[in-house]
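Quick note on labels: first sequence line is chain A, next is B, and so on, each numbered from 1.
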2 protein chains.
Amino acid sequence: MITSDELLEKKGVRPTAMRLLVYKYLAKSHVALTLTDIENAFAKADRTTLFRTLKIFEKKGVVHQIDDGTGIKKYALCEPDCNCELEQDLHLHFHCARCNETVCLTEHKIPHINLPEGFVVEDANVVLKGLCDKCSEK
Amino acid sequence: MITSDELLEKKGVRPTAMRLLVYKYLAKSHVALTLTDIENAFAKADRTTLFRTLKIFEKKGVVHQIDDGTGIKKYALCEPDCNCELEQDLHLHFHCARCNETVCLTEHKIPHINLPEGFVVEDANVVLKGLCDKCSEK
DNA sequence: AAAATAAATGCACTTCCGTTGCATGGGCAT
DNA sequence: ATGCCCATGCAACGGAAGTGCATTTATTTT
């Protein structure tokens with residue numbers, strides 16, 4: 001089992017104390033987190049540091065950014081062997097209108113879609129919205 | 001052929017001068033527009049009025065809001081017989097990374113996706129990103 | 001037609017989030 | 001120990017969404 005430390009190294013991110021904390025916090029969460037979520041989790045950390053941490057995580061393929069339509073960016077860890085590539089790695093997301101949580105549906109990859117001549121697809125964002133499993137049973 | 005005036009009436013939106021202008025401007029555009037786009041098109045109009053115009057248009061099913069991942073809300077006219085319902089009306093959108101324009105792919109409806117037990121899907125947002133037909137040929 | 005009511009508009013202001021510039025600090029290499 | 005690079009922290013900015021309230025415009029009632 002690879003340690004968080006080693007994983008960050010492998011991805012080309014210097015594993016500082018703060019970065020490790022953020023990484024572990026993301027790993028522990030089953031939902032996508034906003035910058036503010038993370039900020040609240042570590043009262044001592046500066047917003048900018050966290051912002052830049054997420055930015056470098058994203059650039060180095062540690063996390064992927066999720067746009068769930070709330071207008072606020074969320075982040076979730078990439079899967080172990082992820083390259084953030086279309087139809088291979090990119091998966092659907094589900095945003096619950098009630099609890100406002102967004103989860104990765106990692107089992108559901110983005111389906112292939114045929115577009116008109118001339119359109120070159122490089123990336124995709126698919127978000128389903130409604131009630132999540134926890135909220136629909138209430 | 002129904003006039004813009006009549007259409008707004010039919011949708012339950014009182015057709016003021018400003019609203020008609022906004023409606024026609026949206027109708028003329030082949031791309032989704034931001035509030036700022038519209039603001040720039042009508043120098044005399046107040047931002048708030050336009051904001052609320054779009055809000056009521058959306059509520060009454062005149063336009064649909066598009067979240068293309070840029071973080072800025074865009075708007076486009078609904079199709080004539082649209083009820084903004086999943087798998088019937090909701091279509092894909094394409095956002096061009098070069099020209100930053102977002103177009104409706106009205107021919108491409110959102111495909112059905114089977115989710116795990118408990119998830120109730122009510123809405124969906126699918127945005128493909130890459131190069132549009134105009135930008136890819138350059 | 002005038003008065004009363006309701007709706008739309010315009011202005012000012014706030015909030016929230018993302019982002020950048022710059023100064024400081026800490027760790028690593030020479 | 002010195003210098004350098006990178007990470008961090010503080011302050012501030014900017015864009016966009018949204019709200020409150022006063023004013024104007026339109027519609028309904030008398």
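Straight-line distance from the CG atom of Asp46(A) to the C1' atom of dG26(C): 16 Å, rounded to whole Å. Taking atom CD of Glu9(B) as the reference point, atom P of dA26(D) lies 14 Å away to the nearest angstrom. If you take CD of Gln65(B) and C1' of dA17(D), they are 10 Å apart, rounded to a whole angstrom. In this structure, Ile56(A) places its CD1 atom 17 Å from P of dC5(D), rounding to the nearest Å. Distance, Arg47(B) CZ to dC11(C) P: 14 Å, rounded to whole Å. The nearest whole Å value for the distance from the NZ atom in Lys59(B) to the C1' atom in dA7(C) is 13 Å. What separates CG of Leu54(B) from P of dA8(C) is a distance of 14 Å, to the nearest Å. Remark: P of dT19(C) and CG of Leu50(A) are 14 Å apart, rounded to the nearest angstrom.
Between the side chains of Asn114(A) and His112(A), at least one donor N or O sits under 3.5 Å from an acceptor N or O. No side-chain N or O of Thr3(B) forms a donor-acceptor pair with one of Asp5(B) less than 3.5 Å apart.
Two rings, from His95(B) and His93(B), have their centers 6.0 Å or more apart. Aromatic rings from Tyr75(B) and Phe57(B) are positioned such that their centres are separated by 6.0 Å or more.
Side-chain nitrogen and oxygen atoms of Thr49(A) include at least one within less than 4.0 Å of the OP1 or OP2 phosphate oxygen of dG9(D). The side chain of Lys74(B) places no N or O atom within less than 4.0 Å of a non-bridging phosphate oxygen (OP1 or OP2) of dA16(D).
Of all the residues in residues 15-45 of chain A, Thr16(A), Met18(A), Arg19(A) reach under 4.0 Å from DNA chain D with at least one non-hydrogen atom.
Salt bridge Lys74(A)/Asp68(A): present, at least one basic N to carboxylate O contact under 4.0 Å. A salt bridge links Lys109(B) with Glu79(B); the closest basic N to acidic carboxylate O contact falls under 4.0 Å.
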What protein N or O atoms touch nucleotides 20-24 of chain C N or O atoms at under 3.5 angstrom, if any, and at what distances?
| from | atom 1 | to | atom 2 | distance (Å) |
| --- | --- | --- | --- | --- |
| dT20(C) | OP2 | Lys55(A) | NZ | 3.4 |
| dG21(C) | O6 | Arg52(A) | NH2 | 3.1 |

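Checking side-chain atoms of Asp133(A) against main-chain N and O of Gly118(B) turns up no donor-acceptor pair under 3.5 Å.
In this view, Arg14(B) satisfies the side chain to side chain donor-acceptor pair (under 3.5 Å) rule with no residue, not counting sequence neighbours.
Each of His64(B), Gln65(B), Lys73(B) was evaluated against Glu58(B); a single residue qualifies, Gln65(B), per the side-chain hydrogen bond (donor to acceptor under 3.5 Å, both in side chains) test.
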